[in-house]
Amino acid sequence: MDSEFKSLMRKQFKNSKDFNRFKQLISETKAYEVPKSLTGELRPYQKIGYSWLVQNIRYNFGCILADDMGLGKTIQVLTAILHFKEINPLDNEPSLIIVPPTLISNWENEINKFTPELTYYIYHGANRTFPFEDYDIILTSYGVIRLDLDMFLDRTWFICVIDEAQNIKNPNTQQTKAIKNVPALNKIALTGTPIENRLTDYWSIFDFVNKGYLSTLDNFKSNYVMRIERLEETKTLEKFKTITKPFVLRRLKTDDNIKDELPDKIVNDIYCNLTKKQILLYNAIMDGIFEDLEGKTGIERRGIILNIITGLKQACNHPAQYLRSDNPKISESGKMELLITILENILDMDEKVIIFTQYAQMGGIIQKLVSKKLKTEVLFLHGSLTQQKRDEVINKFQEDRDCKILVATLKTGGVGLNLTAAQNVIHYDLWWNPAIENQATDRVHRIGQKSDVMVYRFITKGTIEEIIDEMSKNKLNLAEKAIHNDETFITEMSNEELKEKLSLRL
């Protein structure tokens, strides 16, 4: 630590004890062994991030992990929690992980997949009850913390993690104040957005992880915001970067050392929850299935089952698709809420995205809701377009820097196109045949693509979509199986098997 840096950092700490901890933190750069019970493999940059988290936790400093979306912030945090469980299995208090409601299922899936040794409890939903048993992780949402803050004040949590940390960017909201009141030995904020460009947002997040380090908001505005954003003082900007760098780790997909570690196509399974309206609709469709099948055989029975499957898939997409509603709302669909969250991150990174759906009607709903919510133009490529209009849509998406979002039906967008302007692909609903899905992805991931492609597959938890995903991953082409009248094909199942397979598993 050179004398100038040492002098600058000393001013940030209110007492010598904190400064001495900081000197120990930066003088000891250690790569920690990955926990033995981790059921996955960390990429080299993820091992660095995991070790960095462990190091900060050991010295009781909060930190911000600001890796690009898709680089695996979740697994790095879970691995760090697992590390401390393995070295002190009886000593640690539970960790609290606070996320937007749309990401609860995703965190649950990552825990089960990579760190099954960690016990967890989801405290969320209208009928939630706080657990009396001990768990390694309590998983909850921002809104629940605001409503039930008293439940979280009775103990000091080992680690408090907030995902999508931009949810506390406004320091004056009740939600932000509640989150910052939660007592924790260590605090970690996760964000995939470039927070460096919004200094007051940055202050609020930093105030959560290391309270007081950047002084009060008023002092921060006069010392940094005014000087950097209005007066454009380069020296002040460099000072700001210097004092925040030890507690912020940001890696981009475009970094040379990251690019070399990534496959050129990264596939992420994203798990969604059903809303109350979707649950009611899904169950109503299921309730009617056996009345319709009564006495039906052969082709007629198979046709009814395929129609019901289509209805269930539409209910998972958005109730308005199944009900043919002209007034859809984002809040009615777990998938749509999650889509908005991911699109906000993609737009913040100034990247482009293609959203594939099987259904033209669903594509129209996506276009309508996304354009209104995000206040941006959303292009739509579908089978009813003339060739001239189709070419105009494709050219605009490829050439216009301001046009970031394209919705395409799977069949229209999946053949004969070059859509290399996009760095992201979202499959809003899954197709039975994985080859069709891959063909659509390869409109983006093909010759001429200069960027790594992030692929997000939406899967609604506990529904028929998990069956589709399972079959897809087992490389079962259901269309071929239907032609060959295989008894395991879903239309050939007995009524009892259908009920078991298609019923909600919540």
Side-chain angles (χ1 to χ4, degrees), residues 99-109 111-112 120-130 139-144 147-148 269-293 304-342 357-359 361-362 365-366 369 373 426-430 456-471 490 493 495-506:
V99 305
T102 52
L103 297 182
I104 287 177
S105 287
N106 220 49
W107 273 87
E108 181 183 18
N109 183 66
I111 294 169
N112 290 327
Y120 69 94
Y121 183 88
I122 297 174
Y123 182 64
H124 191 258
N127 300 317
R128 59 187 178 273
T129 56
F130 207 83
L139 188 57
T140 190
S141 68
Y142 286 93
V144 168
L147 293 170
D148 297 359
D269 289 341
I270 306 295
Y271 287 81
C272 319
N273 288 324
L274 294 176
T275 62
K276 289 181 183 177
K277 186 168 185 176
Q278 285 177 296
I279 291 171
L280 290 171
L281 180 58
Y282 195 102
N283 285 331
I285 295 169
M286 282 297 301
D287 289 343
I289 182 173
F290 300 109
E291 294 178 21
D292 294 340
L293 288 177
I304 292 171
I305 292 172
L306 289 174
N307 284 336
I308 290 168
I309 289 170
T310 298
L312 293 176
K313 289 169 69 179
Q314 291 177 346
C316 292
N317 278 351
H318 197 294
Q321 184 185 359
Y322 182 83
L323 298 171
R324 302 293 189 267
S325 168
D326 293 328
N327 188 31
K329 295 181 175 62
I330 291 172
S331 60
E332 293 173 331
S333 165
K335 266 193 194 181
M336 189 61 68
E337 290 179 321
L338 188 59
L339 177 67
I340 295 296
T341 298
I342 289 179
T357 175
Q358 298 161 54
Y359 308 101
Q361 185 193 7
M362 190 61 229
I365 293 171
I366 293 171
L369 292 178
K373 173 67 176 178
I426 295 174
H427 289 285
Y428 191 83
D429 39 52
L430 302 185
Y456 303 92
R457 302 171 70 246
F458 282 12
I459 303 165
T460 309
K461 193 173 178 184
T463 72
I464 187 174
E465 291 194 327
E466 285 194 322
I467 300 171
I468 297 173
D469 179 53
E470 179 185 347
M471 291 177 167
I490 205 162
M493 291 178 181
N495 286 1
E496 291 73 21
E497 289 173 318
L498 279 173
K499 188 170 186 178
E500 181 185 350
K501 278 284 186 187
L502 301 183
S503 292
L504 274 179
R505 298 172 303 283
L506 299 178

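The figures here come from the full heavy-atom set of this structure, side chains too, leaving out hydrogens, waters and symmetry mates. Just so it is clear, the model here is predicted, and its values are computed rather than measured.
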- Message: Working note: L103 + L338, criterion side chain to side chain contact (heavy atoms under 4.5 Å, CB included); need CA distance, chi angles, decisive distance, verdict.
- Response: CA-CA 7 Å; L103 297 182; L338 188 59; 3.4 Å; yes

- Message: When you compare the side chains of N273 and K461, does any donor N or O come within less than 3.5 Å of an acceptor on the partner?
- Response: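 No pair is found: no donor N or O on one side chain lies under 3.5 Å from an acceptor on the other.
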
- Query: If only atom types and distance count, is the side chain of H318 paired as donor or acceptor with the main-chain N or O of A320 below 3.5 Å?
  - Reply: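 Checking the backbone N and O of A320 against the side chain of H318, a donor-acceptor pair under 3.5 Å is found.
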
- Message: Taking G462's backbone N and O only, do any of them form a donor-acceptor pair with E466's side chain (distance below 3.5 Å, no angle check)?
- Response: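 Present.
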
- Task: Starting from the C-alpha separation in whole Å, work towards a yes-or-no answer on side chain to side chain contact (heavy atoms under 4.5 Å, CB included) for I464 and I309.
- Result: CA-CA 8 Å; I464 187 174; I309 289 170; 3.4 Å; yes

I need the minimum non-hydrogen distance between [X] and [Y], along with the two atoms involved.
X: S333; Y: C316; result: OG-O, 4.3 Å
X: A126; Y: K276; result: CB-NZ, 4.1 Å
X: A315; Y: I285; result: CB-CD1, 4.1 Å

Is any side-chain heavy atom of [Y] closer than 4.5 Å to one of [X]?
X: C272; Y: I459; answer: no
X: I122; Y: T140; answer: no
X: R505; Y: T463; answer: no
X: E108; Y: Y120; answer: yes
X: D148; Y: R128; answer: yes
X: S503; Y: M286; answer: yes
X: V144; Y: Y123; answer: yes

- Query: Checking side chain to side chain contact (heavy atoms under 4.5 Å, CB included) for the pair Y359/I365: CA distance, chi angles, key distance, verdict?
  - Reply: CA-CA 10 Å; Y359 308 101; I365 293 171; over 6 Å; no

So how far is it from [X] [atom1] to [Y] [atom2], rounded to the nearest 0.5 Å?
X: M336; Y: I330; atom1: CE; atom2: CD1; answer: 7.0 Å
X: L339; Y: T357; atom1: CG; atom2: OG1; answer: 10.5 Å
X: I270; Y: Y456; atom1: CD1; atom2: OH; answer: 7.0 Å
X: N317; Y: L312; atom1: CG; atom2: CG; answer: 11.5 Å

- Message: Any carboxylate oxygen within less than 4.0 angstrom of a Lys/Arg side-chain nitrogen, looking at K335 and D429?
- Response: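 So K335 does not pair with D429 through a salt bridge.
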
- Applying ring pair (Phe, Tyr, Trp, His ring centres under 6.0 Å), name anything that partners Y121, two or more places apart in sequence or on another chain.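 Scan of Y121 (ring pair (Phe, Tyr, Trp, His ring centres under 6.0 Å), adjacent residues dropped) gives Y135.
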
- Item | Where at least one partner belongs to residues 308-332, residue pairs that pass salt bridge (charged side-chain N to carboxylate O under 4.0 Å, His left out), sequence neighbours excluded |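 Non-adjacent pairs meeting salt bridge (charged side-chain N to carboxylate O under 4.0 Å, His left out): K277-E332.
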
- Task: Go through the steps for T102 and E337 under the test side-chain hydrogen bond (donor to acceptor under 3.5 Å, both in side chains), then give the verdict.
- Result: CA-CA 7 Å; T102 52; E337 290 179 321; over 6 Å; no

- Are there more than 12 heavy atoms of other residues, nucleotides or ligands under 6.0 Å from atom OH of Y322?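 No.
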
- Which word best sums up how the rings of Y428 and F458 line up, parallel for under 30°, tilted for 30 to 60°, or perpendicular for over 60°?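 The arrangement is tilted - the two ring planes meet at 30° to 60°.
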
- Does the side chain to side chain contact (heavy atoms under 4.5 Å, CB included) test come out yes or no for H124 and L139, once each step is laid out? CA-CA 8 Å; H124 191 258; L139 188 57; over 6 Å; no

- Query: Can you list the residues that meet the side-chain contact (heavy atoms from CB on, under 4.5 Å) rule with N283, with sequence neighbours excluded?
  - Reply: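 Testing N283 for side-chain contact (heavy atoms from CB on, under 4.5 Å), a comparison that skips the adjacent residues, returns I279, L504.
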
